[in-house]
Structure formats: C-alpha cells, structure tokens
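Input: a single structure, listed below in structure tokens.
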Amino acid sequence: MVKIREILEGCCADQKVTVRGWVYRKREGKELIFLLIRDSTGVIQCTIKKTSPSWNEAQKLTIESSLTLEGTAKEDKRAPGGFEIGAETITIIGLAETFPISKDKSEEFIRDMRHLWLRSRKMNLVMKVRADVLDAARQYFKSQDYTEVSPPMFISAAVEGGSTLFGLKYFDQDLYLTQSSQLYLEILIYSLENVYCIAPSFRAEKSRTIRHLTEYWHIEGEWPFADMNDLMKFEEGLMTHVCQTIGDKCQKEFAELGADIAKLKAVKAPFPRITYKEAIDRLKPKNPQLAWGADLGYEDEKVLAEDFGKPFFVYDYPTEIKAFYCKTYSDHSEVAMSVDMMVPRIGEISTGGAREENKDILTERMKAQGLKPEDYEWYLDLRRYGTVPHVGFGMGLERLLVWMLDLDNIIDAIPFPRTTRRFYP
RNA sequence: GCCGCCGUGGCUCAGCCCGGUAGAGCGGCUGGCUGUUAACCAGUCGGUCAAAGGUUCGAAUCCUUUCGGCGGCGCCA
C-alpha cells in the first residue's frame, strides 16, 4: 500500500503499486477509462484499458466510490501530476450513490453539504494548513517555556459583559459557555507561571460577517512578571514563527489554493506599533467624526491595516471602552494597557493586555462597570494571595487562517462552522 | 439590534420590469466517439416556480405576510 503523494513524487515509477482511496473524477470511453483517485495526500490518474481484468469493475465505479486499485505506476507527461497508474486489479469497497456535489454549486448548497464538501481539495488543503498552524503555535509556546493547560468550557460567570454569553442548563443550574479562557489562565500562572491554551470560545454575538463564528478556536497565553513590551514582543515572535514555518512547510498547499505565500515570508518581528491616540490622529483626515474615546470601527481598522499592509499593533486604548480587568496607567488612568494585533482585510486578530493586579483598583473597576465583586471572589483571591503584574492575550485561530490563506469567509477555516444560522452537521 | 440582496427540475441559472399555466446548461439514464484533463456529440428522464393569502378572466411574473439563506454595519477574536 502506498500513498498517492509518494507516487507523484516519483517513488515507484515502473513498479507495481496498490493505492486505496476514492474516485475523484471518471471519464469513460469505449476502449479506455480514466479514473482520478484521491486519498488524503493527493490525486492521481489511473487508466483502465478494455483488455484489463479490472475493466468491469471500473465501469461500475461512480464518483466518490471507495476502492483499492493495483497496477503499475509510470511517468507520463499526459497525466495531471506527471504520473499515472495502469490499473490491473480494482476492488470496490463502497459503491457510491450519485454524489450530490458536482461542478455547479452555490455557497448555500455547499454549506448544506458540509459533511461531503470537506472531501474537496480546498477543504483538505485548508485543514492541513490549520493543523500545521496549530503545530507551529505549540512549538513556539514550548520553545519559550510555556506550559499547555486545559481550561473549562462550562463556566459560572462572565469574563466580560454577559450579553454575548451562551447560557445553558447544567442539571438544575444556569451555566454559560466560556467566551475566553483568560481568567482561568490567570489562576494557573500562580503555579505554572507561563501558560497557554488552545481551546474553543463561544460568543452569542448576532454578527453577520465573513469574520465571525459563534464557536471559534482561541490561542491564549498568560504569564507573570511581564509588561506591555514583553507582551508585544511575544506576540510578534509567535506570529513570525507561525508565518515563517508555514511559509516553508506549506508551499504546495498555498500554490494549489492560490494563496499568497510571499506575504507570510515577509512577516518579521518587530511589528509596527502605534498607540490608539496615533491611530486616531492618522484616521482624523479621513473620518473627521472620530474623537478620542470612541472605539475604532471595522472600517477604521481596515484603513490602518491597508496602510501598513502587514500585521501591526495598536495599543493604549481609552479605559472606558476596555474590560474591567485591564490595567490602567497610575498617572493617567483614562488609558488602559490593552493591545490589538491587526492584519489587512480582517482587522483585529488578537487582543491582549496587562491585567490589573491591585485588588482595590480591580474592585473599583468592577463596580464602575456594573459588575458585582462578589461574583468574582476567586478572581479577587488571586490579588489577595501573592499578586503579580501579568499580561496575556487571545488570538482567533480562524481569523489568523483567513488572513494567511486569503479565504473569502471564516467558515472555511474550520471544519464544522457554527454561525448564528448554521450548526449542521 | 439596524440595513440590503436572494429563494424556479438533483445542481447552476434564464424567464419576473411590460401577467397568457415553464426553458437552458450540468448531473442521471441510453447510444456514439475520444490519451481524456470537472472531454465531446445525439437522445431521454426530471419542475405543486419557498409557503400562505390577495388583485385578476388568467400569477413564476403584481401586492401583503411568513419561512429559509447570504452579506454590510454595530459588537467582537
């Protein structure tokens, strides 16, 4: 048994080979049948002559039927990929009914057929790149001595305002699905120090855009004894490592997907950094209504991102538009130590910041935002017992992939997308 | 939450503005042809035009409502 990629790489010219896979295309003539067989590694053309003992089985085959095919591999310029197999024996494993997905397909239909569309070349390639991005991210965290941890998905209190939380019945109690693992990572830094997790986050935002999912994978890191500069340095290091690794490793996937790999190779630390105030000043000429204190809209982010043409940071936001746990400057508390990483076309792919380590200030911030400190007793305990300055961030894996792979929509960055309207299969 | 667009055979669409009970391509099936590149040629099967109500002699077409889908903004990663 040999993988199709090995044959396409020239492993077995003029040798007898056996492949296992599915029928990707079939073209049938009177004297000759062409089969394109796919497995997880690629697609190869197989020819069946009328004189071959496999002729009868080949005739029966339908698109997406599974089979084992034995024959002789040979180099042939006429075959896509440069190699083909002259079939001698075909064993049908599962004869497929007429496959519903064909040449003509709409976005809507493809989404209804997600469970079958995942067999497409596009999804196959995207899923491989996704796996490699996850690998690369873990590599980087490990290389910097971070420990991977496993936070809960069921939670009893909100991280931020409760409006975007999914509630659920947990036996007789009301619980929520987590929208960030940050608070749990904050617990773990007191023993493991540098920690990270790669886990789902859930948001009940009724957003109707190409960059929102209700369930997405969140790459989050948290560590003590660090400041904003350490945070940005780590994030740009992570991003650089991921982009360089994928740029080296996934050239074939990018080529077949038609994605721009040069953009990844161009990603190198340090990234441009501008403060929120500088961002406002840059945007003022184009958007005169923009004033200090307003949050940057998606259009504003896009304008900045097009200017830079690569990942960059915006930091030091108004305290008012940031969450209660954001640390503020002691001499000008109207500014919070928060940082977003932005990329062209997508806008924010990551948010991070320094966390308030002073219990009294934190309590005041909670009250100011209408939160009850008694709901966050365990979080306040972290400040009671050996508090430390610390920082952390969360990056949206699928948004990262949309940018890296030039995807049209975030739903193609995850195998089973959940949006406001879709959760099947 | 606000706004816009879409819904016609299994799939992709035309027809809708200017009402007269549906048409093409792909797929399927049959036959032909071909070292083919999501081939080509001929034939054939296949549709209560999203649903309900209204206007009309007559509605896929005009009006109303509902359902489903997509996207933009807001919010966010």
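Bear in mind the structure is a predicted one, so any value in this text is a computation, not a measurement. Here is the naming used below: chain letters follow the sequence lines, and residue numbers restart at 1 for every chain.
- Rounded to a whole angstrom, the distance from the C1' atom of U56(B) to that of C29(B) is 42 Å.
- A distance of about 35 Å separates the P atoms of U21(B) and U30(B), rounded to the whole Å.
- Taking only side-chain atoms of Leu213(A), from C-beta outward, the nucleotide of C75(B), A77(B), G35(B) with the closest atom is A77(B).
- Straight-line distance between the C1' atoms of C41(B) and G19(B): roughly 39 Å, to the nearest whole Å.
- Judged purely by distance below 3.5 Å, without hydrogens or angles, the side chains of Glu357(A) and His390(A) never pair a donor atom with an acceptor atom.
- A donor-acceptor contact under 3.5 Å is not formed by the side chain of Glu28(A) with the base of U36(B).
- For RNA chain B, no neighbouring residue in residues 6-15 of chain A is found when judged by any heavy atom under 4.0 Å.
- In the interface, the side chain of Arg399(A) is paired with the base of C76(B) through a donor and an acceptor atom under 3.5 Å apart.
- Using modelled atom types, no side-chain atom of Ser65(A) and backbone atom of Leu95(A) make a donor-acceptor pair closer than 3.5 Å.
- Residue Arg422(A) has its side chain nearest to G69(B) when only G69(B), A77(B), C76(B) are considered.
- Comparing C73(B), C76(B), U36(B) by their closest approach to the side chain of Glu299(A) singles out C73(B).
- Stacking of the aromatic ring of Tyr298(A) onto the base of G74(B) is not found under the criterion of centres within 5.5 Å and planes under 30°.
- Of all nucleotides present, only G4(B) satisfies the Watson-Crick or G-U wobble test against C70(B), with each distance under 3.5 Å.
- Residue contacts for Leu400(A): at a heavy-atom cut-off of 4.0 Å it reaches no nucleic acid atom on any strand shown.
- Here Tyr196(A) and Trp223(A) keep their ring centres 6.0 angstrom or further from each other.
- Among the nucleotides A77(B), G35(B), C73(B), the one closest to any side-chain atom of Glu205(A) is A77(B).
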Write out a two-atom table: protein N or O, nucleotide N or O from nucleotides 22-31 of chain B, distance below 3.5 Å.
{"from": "G25(B)", "atom 1": "N2", "to": "Asp104(A)", "atom 2": "OD2", "distance (Å)": "2.9"}

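- For the residue pair Arg273(A)/Asn229(A), the side-chain donor-acceptor check at 3.5 Å is satisfied.
- Nucleic acid contact class of Gly347(A) (heavy atoms, under 4.0 Å, all strands): none.
- Set against A77(B), C33(B), G72(B), the side chain of Lys30(A) has C33(B) as its closest nucleotide.
- Side-chain contact check for Glu220(A) and Ser180(A): at least one donor-acceptor pair (N or O, by modelled atom type) lies under 3.5 Å.
- Closest to the side chain of His212(A), from the set A38(B), C76(B), G35(B), is C76(B).
- Glu108(A) comes within 4.0 angstrom of the backbone, heavy atoms only, and of no base.
- Residue pairs satisfying the salt bridge (charged side-chain N to carboxylate O under 4.0 Å, His left out) criterion with at least one member in residues 137-149 of chain A, sequence neighbours excluded, are listed as follows: Arg138(A)-Glu148(A).
- Residues of residues 69-78 of chain A having a heavy atom closer than 4.0 Å to RNA chain B, listed by number: Asp76(A), Arg78(A).
- A donor and an acceptor atom sit less than 3.5 Å apart, one in the side chain of Ser207(A) and one in the base of G74(B).
- Taking Lys128(A) as the reference, Asn124(A) meet the side chain to side chain donor-acceptor pair (under 3.5 Å) condition, with sequence neighbours excluded.
- Nearest to the side-chain atoms of Arg27(A) among the listed nucleotides C75(B), C73(B), A38(B) stands A38(B).
- Ring centroid separation for the pair Phe202(A) and Phe166(A) does not come in under the 6.0 Å cut-off.
- A donor-acceptor distance shorter than 3.5 angstrom exists from the side chain of Glu236(A) to the backbone of Phe271(A), with no hydrogens or angles considered.
- For C62(B), the paired base is G54(B) (Watson-Crick or G-U wobble, both distances below 3.5 Å).
- Within the nucleic acid shown, Arg111(A) comes within 4.0 Å of sugar-phosphate atoms alone, with no base atom in reach, counting heavy atoms only.
- Backbone-only engagement by Asn409(A) is indicated by non-hydrogen atom pairs under 4.0 Å involving sugar-phosphate atoms exclusively.
- Between the side chains of Asp340(A) and Thr351(A), at least one donor N or O lies within less than 3.5 Å of an accepting N or O.
- Gln45(A) comes within 4.0 angstrom of a nucleotide base, judged by non-hydrogen atoms across all strands.
- Contacts of Phe109(A) with the nucleic acid, taken as non-hydrogen atoms under 4.0 Å apart, involve only primed sugar atoms and P, OP1 or OP2.
- Under the Watson-Crick or G-U wobble criterion, with both distances below 3.5 Å, G9(B) is left unpaired in every strand shown.
- Across all strands, Ser201(A) comes closer than 4.0 Å to no nucleic acid atom at all (heavy-atom distances).
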For residues 4-21 of chain A, dump all side-chain donor-acceptor pairs below 3.5 Å to protein atoms at least two apart in sequence or in another chain.
{"from": "Glu6(A)", "atom 1": "OE2", "to": "Lys3(A)", "atom 2": "N", "distance (Å)": "3.3"}
{"from": "Glu9(A)", "atom 1": "OE2", "to": "Lys252(A)", "atom 2": "NZ", "distance (Å)": "3.3"}
{"from": "Lys16(A)", "atom 1": "NZ", "to": "Glu88(A)", "atom 2": "OE1", "distance (Å)": "3.0"}

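- The base of G69(B) does not come close enough to the side chain of Arg421(A) for any donor and acceptor atom to sit less than 3.5 Å apart.
- In this model, a side-chain donor or acceptor of Glu84(A) finds a partner on the base of G35(B) within 3.5 Å.
- Aromatic ring centroids of Tyr170(A) and Tyr176(A) lie 6.0 Å or more apart.
- Residue Lys206(A) places at least one side-chain N or O under 4.0 Å from the OP1 or OP2 atom of G1(B).
- Cation-pi contact between Arg211(A) and Tyr298(A): present, with separation from the ring centre below 6.0 Å and deviation from the ring axis of at most 45°.
- The cationic atom of Lys105(A) (NZ for Lys, CZ for Arg) does not lie both less than 6.0 Å from the six-membered ring centre of Trp117(A) and within 45° of the ring axis.
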